[in-house]
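Take a look at the structure below.
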2 protein chains.
Amino acid sequence: MATELFSTYSYLLDRTARKVKQYAQRRFNAENYDITVDQWIIIKRLNQNNDLNQTQLAEITGKDTPTLTRIIDILCKKGLTERRIHATDRRCFTVHLTELGTQTVAEWTPKMAEIRMKAWENLTEEDYINLKRILDTIYNNLDD
Amino acid sequence: MATELFSTYSYLLDRTARKVKQYAQRRFNAENYDITVDQWIIIKRLNQNNDLNQTQLAEITGKDTPTLTRIIDILCKKGLTERRIHATDRRCFTVHLTELGTQTVAEWTPKMAEIRMKAWENLTEEDYINLKRILDTIYNNLDD
DNA sequence: AGATATTTGTTGTCATACTAACAATATGTA
DNA sequence: TACATATTGTTAGTATGACAACAAATATCT
């Protein structure tokens with residue numbers, strides 16, 4: 001396969017990932033909702049798994065632990081999450097949604113689903129399956 | 001199409017884009033080559049179009065202008081590029097590779113091609129065509 | 001039990017993404 | 001010509017990503 005034919009995939013990946021994030025961010029901003037997309041990803045995940053420590057939460061959301069520490073700091077300041085001391089391991093915190101955090105996830109989940117649907121216009125389920133397969137393959141090719 | 005089926009594409013996009021960048025960065029680091037992937041993108045493009053102003057260069061590489069200003073600042077400090085005053089428009093600079101910049105692009109172009117090939121293992125030309133179509137569709141769906 | 005290694009979370013540093021605001025310059029128009 | 005508007009590049013502020021180094025706590029191993 002010719003090198004130049006696919007020499008641009010990394011550019012396409014990068015700009016598309018940024019566009020998706022940017023679009024969702026603008027929806028948040030448009031409703032004066034003071035949260036970032038990456039913060040959203042965390043609270044959305046906490047709504048499903050409300051008893052993870054920071055390392056687990058970082059792993060499952062694809063963040064590294066310093067990044068997660070800072071996002072959790074911000075979310076706690078905003079009153080959306082809280083750190084709780086782990087029962088048996090004093091190194092850990094488990095992270096939990098507050099009442100406000102739970103409300104926020106409930107309010108924004110349908111809006112985010114709508115945003116995702118918009119991105120997917122003119123594409124099929126087969127496209128999704130192919131996209132997932134291709135991206136997973138690239139990821140695994142480069143994984144240590 | 002079920003919402004939950006493709007609710008993860010933005011996560012896949014994001015983590016794959018980061019993995020690709022990270023992999024290339026580690027190759028640079030492993031050879032003690034003091035440059036970032038984003039800086040590479042700029043000098044690679046300058047090697048093809050050596051007479052663009054910053055706005056054009058930002059557009060063509062998918063950067064915004066503040067980001068480009070800083071990357072060019074760094075590249076100039078490293079002696080890889082230089083700003084030249086525009087002949088007729090005193091607001092502009094045109095950006096040019098130095099001799100060192102040209103050498104660097106020549107040296108690293110085959111290595112970067114090899115890195116890209118590695119990412120593409122187990123994938124076909126048809127996969128590339130589909131990936132490009134899907135990513136372009138998403139991009140356009142969300143474009144202003 | 002005690003030395004050593006690992007895990008967990010934090011902090012610091014640099015680079016990039018995005019937004020807003022700004023100065024200098026160019027352009028369009030009355 | 002004079003004024004309003006647009007363009008170009010820069011600076012500042014905030015958030016995130018990647019990496020390195022660190023302290024505290026825990027696990028492992030002899």
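Just so we're clear, the structure is a prediction, and the values are computed from it rather than from any experiment. Residue numbers begin at 1 in each chain, while the letters A, B, ... track the order of the sequences.
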- [ ] Rounded off to whole Å, could you give me the CG-to-C1' distance for the Asp73(A) and dT8(C) pair?
- [x] 15 Å

Task: Separation of Leu12(A) CG from Ile134(B) CD1 (nearest 0.5 Å) - done: 11.5 Å

TODO: Could you state the atom-to-atom distance from CG of Leu68(A) to P of dG17(D) in whole Å?
DONE: 10 Å

Open item on the list: Looking at dC18(C), I'd like to know if its phosphate oxygens (OP1 or OP2) sit under 4.0 Å from a side-chain N or O belonging to Arg18(A).
Closed with: yes

- [ ] Taking only the side-chain heavy atoms of Asn53(A) (C-beta and beyond), determine which of dG9(C), dA26(C), dT10(D) contains the nearest atom.
- [x] dG9(C)

Open item on the list: Whether the side chain of Arg90(A) and the base of dA23(D) hold a donor-acceptor pair under 3.5 Å is what I'd like checked.
Closed with: no

TODO: Ignoring backbone atoms, establish whether Thr36(A) has a side-chain N or O less than 4.0 Å from OP1 or OP2 of dT14(D).
DONE: no

Task: 5'-most by nearest nucleotide on DNA chain C - Arg26(A) or Thr65(A) - done: Thr65(A)

Open item on the list: Heavy atoms from C-beta onward define the side chain here; which of dA15(D), dG17(D), dG9(C) lies closest to that of Gln39(A)?
Closed with: dA15(D)

- [ ] Check every strand shown and say whether Thr94(B) touches a base, only sugar-phosphate, or nothing at a heavy-atom separation below 4.0 Å.
- [x] nothing

- [ ] Return no unless some side-chain N or O of Thr69(B) is found under 4.0 Å from OP1 or OP2 of dT10(D).
- [x] yes

Open item on the list: What is the distance, to the nearest angstrom, from the CD1 atom on Ile74(B) to the P atom on dT10(D)?
Closed with: 13 Å

- [ ] Please tell me which of the listed nucleotides, dT16(C), dT10(C), dA6(D), lies nearest to the side chain of Arg83(A)?
- [x] dT10(C)

- [ ] Grab the CG-P distance between Asp89(B) and dT25(C) for me, whole Å please.
- [x] 10 Å

Task: Euclidean distance, atom CG of residue Asp14(B) to atom P of dA15(D) [Å, nearest integer] - done: 18 Å

Open item on the list: Nearest whole Å is fine: how far is dA15(D) C1' from Lys21(A) NZ?
Closed with: 9 Å

TODO: Using only heavy-atom distances, determine whether the side chains of Asn29(B) and Arg26(B) contain a donor-acceptor pair under 3.5 Å.
DONE: no

- [ ] For dT16(C), take OP1 and OP2 only and decide whether either is under 4.0 Å from a side-chain N or O of Lys63(B).
- [x] no

Open item on the list: Looking at dG17(D), I'd like to know if its phosphate oxygens (OP1 or OP2) sit under 4.0 Å from a side-chain N or O belonging to Gln25(B).
Closed with: no

Task: Among dA17(C), dA15(D), dT6(C), the one nearest Asp64(B) by side-chain distance - done: dA17(C)

Open item on the list: At 4.0 Å (heavy atoms only), tell me whether Thr67(B) reaches a base, stays on the sugar-phosphate, or touches nothing.
Closed with: base

- [ ] Go through the steps for Arg133(B) and Asp136(B) under the test side-chain contact (heavy atoms from CB on, under 4.5 Å), then give the verdict.
- [x] CA-CA 5 Å; Arg133(B) 176 182 55 79; Asp136(B) 283 342; 6.0 Å; no

Task: Parallel, tilted or perpendicular: rings of Tyr33(A) and Trp108(A) (30°, 60°) - done: parallel

Open item on the list: Checking contacts here: which listed nucleotide (dC19(D), dT11(D), dT8(C)) is nearest the side-chain heavy atoms of Cys92(A)?
Closed with: dT8(C)

Open item on the list: Can you work out whether Val37(A) or Pro66(A) has the more 5'-proximal nearest nucleotide on DNA chain D?
Closed with: Val37(A)

TODO: Using a strict cut-off of less than 4.0 Å between a Lys/Arg side-chain nitrogen and an Asp/Glu carboxylate oxygen, indicate whether Asp14(A) and Arg18(A) qualify as a salt bridge.
DONE: yes

Open item on the list: Taking 4.0 Å as the cut-off, does a side-chain nitrogen or oxygen of Gln22(A) come that near to OP1 or OP2 on dA17(C)?
Closed with: no

Open item on the list: Tell me the interatomic distance from Lys77(A), atom NZ, to dT14(D), atom P, rounded to whole angstroms.
Closed with: 11 Å

Task: Protein-nucleotide distance (Leu57(B), atom CG; dT16(C), atom P), rounded to Å - done: 13 Å

- [ ] Run through Arg45(A), Lys21(A), Arg70(A), Lys44(A) and flag the one making a salt bridge (Lys or Arg N to Asp or Glu O under 4.0 Å) with Asp38(A).
- [x] Lys21(A)

Task: No-H, no-angle donor-acceptor pair, Arg70(A) side chain to dG12(C) base, under 3.5 Å - done: yes

